[in-house]
Amino acid sequence: MSENIIGYIDHQGNIIDTQSAGENCTATPIEYDNSEASLEIIRHSTAHLMAQAIAELYPNAQFFVGPVVDEGFYYDFRVDEQIGENDLKTIEKKMKELIKKKYKIEKYEMSKAEALEKFANDDLKQKVMERIADDTLSIYKQGDFEDLCRGPHVPALRFLHHFKLTRVAGAYLGGDETAEMLTRIYGVAFADKESLKAHLSMLEEAKKRDHRKIGAQMELFMFNEEAGAGLPFWMPKGAKLRYKLESILHKAHLMRGYEPVRGPEILKADLWRTSGHYACYGENMYLTSIDEQEYGIKPMNCLGHIQVFKQTQKSYRDLPIRYYEYGVVHRHEKSGVLHGLLRVREFTQDDAHIFCTQEQIATEVLQVVEFVDAVMKLFGFEYTMEIATKPQKAIGEDEVWELATQGLKDALESNQLPYTIDEGGGAFYGPKIDIKITDAIGRKWQCGTIQVDFQLPQRFEVEYVAEDNIRKRPVMIHRAILGSFERFIGILTEHYAGEFPFFLAPTQVIFVPIGESHSEYAHMLKKMLLKEGIDAEVYDKNDSLNKRIRTAEKQRVPYVVIIGEEEVANKTVAIRDRRNKEQYNLTQDEFMVKLITQLQEGTI
RNA sequence: GCCCAUAUGGCUCAGGGGUAGAGCACUUCCUUGGUAAGGAAGAGGUCGUGAGUUCAAGUCUCACUAUGGGCUCCA
């Protein structure tokens, strides 16, 4: 047996460790390297090694589960002492000491009954075994440390070198919010030093793109302790960026037959009772009272749109009617989940409601999918679609849910659009298609959503007059493309690392006049740009030329334009093109044409 | 909400039981410069908030608020 073999993989893709394989295994060997299978074994064993170290440092520790996850592993355990970030180093040190003892990792088996007996005093192990159906359980042993585990593991501790414990966290036992909270330590592990280093520096890079960091650097947005958590403020640069995004999308909506509407921020609680929000979503709503009447601050915009629809009589000839609103909504998110712009308590949705007949659902859903695709392409985003089905808290008949869910599936399938299913993830009033973007660090964020709803039209008695002069109930499609401006701009910021495309950049051009006498021409150019809707600034304060160029460059603007004797005399501009990392000269007219052309790229 | 950690001028951070430091930014003056930091002077903080321990708290303890990493949930 080769020194480097740490396991085998069979035809079904199952990993068999050397402890289980015996001498004459015919499955494909797994070498010690950074392959997926190899890393899975290494990480699992590293988790055990960590548990062994914790057991030595904290003799009262009890262990729950320690699985392999993306890039690493974790172990959940219960311990009397508080464990903080500083303790990670101590645990790592102990792990390295244990490796030096050159323990082999041995496996033996026993019946479940024997195992229950063996771990009789360990309620966490009892809980683990409750979840296992098998009659025979395996135990892995290294030195004095034993743990119930199905493997796979490396043959001996000497295979573990390149790991790092990354964070301490709390985790509910079994992910159940009402259950006890255990301590969880996360770590990463690789087969060689370089991969570990590369992974850690990748995390550093990701930190540099963090929208909270860039947002502060570029003065896009802020939060304020005195105002409250999860309530974003938009600074001038951020507001300019957001306005540009709103404008692009506004045109795109008009082109697709949407009409703008606007509803109030707060509505009487009875309306929320009728809709079902009060019962199904009440704990997330902010309630208040006016003249002894209960009101609710809107967490969604649907009710306003329904009222607008109902205000005038509608004919089948009017359908589909597509109302859209940049609707400000408030939702009480738990304090621990707030996260920069990605998770806030007040946000603005690019929300729309399409009122249509049942026959029109498929066409409308597809049109929305096309809209989503156009937006994602504009920003170069990868995305996936997921159909979410009926949740536990829901209103309406099962058959209606079936019908609506099937409608969504049909729409995607008839156009060969791939999707996955999120069982029980729907809104309380209907199933939905969620659009998930992958961000710079590989995290997935739900942004756009398309929801088919038979419930609210019924609850609010929404009607239109059909061809046969009979009043009928329209279907509502709720949809958002970006999801919210807050979240989407957060993701955009990380996606571009602050280097926004020309049509979005808060400041698109910075003019740097060399001397005082060149300022006038620079200001004249700035005015010309403003007329075309292009944001420009002139850096003519009392600093050296180099300093001003440096300051301008640090703003991450697409173009820094230098204006000197030559430019003033010839009516030209000297451009530093940050995106293409070039310098060149253009005439004033060529410059204008170039910028206006680039502005057009932001069209959907 | 729960677990762990953090909170020092606008920003990034150092310090640490005996009355606050640096760099950048800001203000003023000098410099008028052809592509990433010219020079000088100056102003700015009751060290997140509130209690407690102490002769003495920014430094130790507790609570709260906010932020960060997770659990759970979600646009």
Side-chain angles (χ1 to χ4, degrees), chain A residues 74 76 78-79 82-88 166-186 207 210 212-213 216-217 219 222-231 281 283-284 299-300 327 329 331-345 347-351 388 391 425 427 432 434-437 445-449 451 478-488 490-491 512-519 540-554 560-567 574-576 578 583:
Chain A
Y74 68 77
D76 282 352
R78 182 197 288 144
V79 68
Q82 275 197 354
I83 296 190
E85 312 251 315
N86 288 334
D87 301 313
L88 296 184
T166 49
R167 51 196 180 233
V168 196
Y172 295 108
L173 200 160
D176 177 0
E177 206 178 348
T178 59
E180 170 191 6
M181 181 159 266
L182 302 175
T183 303
R184 172 176 294 180
I185 296 182
Y186 283 94
K207 256 189 211 164
D210 190 308
R212 291 167 298 189
K213 190 172 179 143
Q217 279 170 5
E219 298 180 0
M222 56 179 257
F223 291 91
N224 181 315
E225 187 177 340
E226 289 174 83
L231 303 172
Y281 203 78
E283 58 193 26
N284 285 314
M300 298 180 191
V329 295
R331 297 182 184 180
H332 180 73
E333 300 291 352
K334 290 176 188 169
S335 59
V337 305
L338 301 175
H339 181 99
L341 283 182
L342 301 184
R343 196 66 183 278
V344 291
R345 287 183 174 151
F347 56 98
T348 307
Q349 294 179 306
D350 60 325
D351 206 1
K432 56 181 184 172
D434 281 332
I435 289 96
K436 302 204 169 182
I437 297 180
W445 289 98
Q446 183 177 331
C447 291
T449 184
Q451 311 174 353
H478 308 240
R479 55 108 278 200
I481 310 275
L482 308 183
S484 80
F485 284 93
E486 285 75 10
R487 179 176 288 184
F488 196 77
I491 295 167
V512 182
I514 290 171
E516 231 169 274
S517 58
H518 317 128
S519 250
D540 56 357
K541 74 169 216 176
N542 187 12
D543 270 327
S544 68
L545 177 66
N546 281 354
K547 179 66 177 291
R548 285 178 290 138
I549 289 171
R550 177 181 153 81
T551 315
E553 288 285 337
K554 283 180 71 179
V560 174
V561 177
I562 312 296
I563 302 294
E565 277 306 327
E566 205 181 300
E567 287 74 25
I575 296 177
R576 286 174 66 103
R578 280 177 53 72
Q583 296 187 22

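Sequence lines set the chain letters: A, B, ... in the order given, protein chains first and strands last, and positions in each chain run from 1.
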Determine if F223(A) stacks with rA66(B); use a centre-to-centre distance below 5.5 Å and an interplanar angle below 30° as the criteria.
-> no
Which nucleotide in the set rG70(B), rC73(B), rA5(B) lies at the smallest distance from any side-chain heavy atom of Q82(A)?
-> rA5(B)
S335(A) side chain near rG1(B) phosphate (N/O to OP1/OP2, under 4.0 Å) = yes
Is R479(A) side chain donor-acceptor paired with the rA75(B) base, going by distance under 3.5 Å alone?
-> no
F347(A) CZ - rC73(B) C1' separation (whole Å) = 13 Å
Determine the interatomic distance between P on rA41(B) and the same-named atom on rG23(B); round to the nearest Å.
-> 12 Å
Any side-chain N or O of H339(A) under 4.0 Å from OP1/OP2 of rG69(B)?
-> yes
Where the side chain of Y172(A) is defined as all heavy atoms beyond and including C-beta, which of rC71(B), rG33(B), rC4(B) is the nearest nucleotide?
-> rC71(B)
Interatomic distance at P, rA14(B) relative to rU72(B), whole Å = 33 Å
rU65(B), rC71(B), rU32(B): which one has an atom nearest the side-chain heavy atoms of E516(A)?
-> rU32(B)
Look through every strand shown and name the nucleotide pairing with rU53(B) as Watson-Crick or G-U wobble, where both distances are under 3.5 Å.
-> none
Record whether the side chain of E219(A) comes under 3.5 Å of the base of rG10(B) through a donor-acceptor pair of N or O atoms.
-> no
Determine the interatomic distance between P on rG44(B) and the same-named atom on rU6(B); round to the nearest Å.
-> 32 Å
Whole-Å distance, R167(A) CZ to rG68(B) P, equals 15 Å
Taking only the side-chain heavy atoms of R487(A) (C-beta and beyond), determine which of rA75(B), rG1(B), rU35(B) contains the nearest atom.
-> rA75(B)
Rounded to the nearest Å, what distance is computed from the CZ atom of residue R331(A) to the P atom of nucleotide rC74(B)?
-> 11 Å
Between D434(A) and K436(A), is there a salt bridge with N-O shorter than 4.0 Å?
-> no
Mind checking who rC64(B) pairs with, Watson-Crick or G-U wobble, both distances under 3.5 Å?
-> rG48(B)
Does OP1 or OP2 of rA75(B) have a side-chain N or O of K432(A) closer than 4.0 Å?
-> yes
note: R343(A), atom CZ; rC74(B), atom C1'; distance rounded to Å ~ 4 Å
For rG50(B) and rA66(B), measure between their C1' atoms and round to the nearest Å.
-> 15 Å
For rG68(B), take OP1 and OP2 only and decide whether either is under 4.0 Å from a side-chain N or O of R212(A).
-> yes
Nearest whole angstrom, please: distance from the P of rG38(B) to the CZ of R548(A).
-> 10 Å
Rounded to whole angstroms, how far apart are CG on L342(A) and P on rG68(B)?
-> 10 Å
Using atom CG of L545(A) as one end and atom P of rG33(B) as the other, report the distance to the nearest whole Å.
-> 10 Å
Would you say the base of rU32(B) and the side-chain of N542(A) have a donor-acceptor pair closer than 3.5 Å?
-> no
How far does the P atom of rA75(B) sit from the matching atom of rU65(B), given to the nearest Å?
-> 27 Å
Quick one: is rG38(B) close enough that its OP1 or OP2 comes under 4.0 Å of any side-chain N or O from S544(A)?
-> yes
Out of rG69(B), rA25(B), rA36(B), which nucleotide sits closest to the side chain of K554(A)?
-> rA36(B)
Using a cut-off of less than 4.0 Å, is there contact between a side-chain N or O of K213(A) and OP1 or OP2 of rU12(B)?
-> no
With both distances under 3.5 Å as the test, what is the Watson-Crick or G-U wobble partner of rA43(B)?
-> none
Using the C1' atom on both, measure rA36(B) against rC30(B) and round to a whole Å.
-> 23 Å
C1' gap between rG48(B) and rA5(B), integer Å = 16 Å
Take the protein atom CD of E180(A) and the nucleotide atom P of rC71(B), then report the distance between them rounded to whole Å.
-> 18 Å
Given that both distances must come in under 3.5 Å, which nucleotide forms a Watson-Crick or G-U wobble pair with rC11(B)?
-> rG23(B)
Re rU72(B): Watson-Crick or G-U wobble partner, both distances kept under 3.5 Å, found to be none
Same-atom distance (C1') from rC26(B) to rG9(B), integer angstrom | 11 Å
Of rC73(B), rG33(B), rU67(B), the nucleotide closest to the side chain of E333(A) is rC73(B)
Would you mind pulling out the nucleotide paired to rA37(B), Watson-Crick or G-U wobble, both distances under 3.5 Å?
-> none
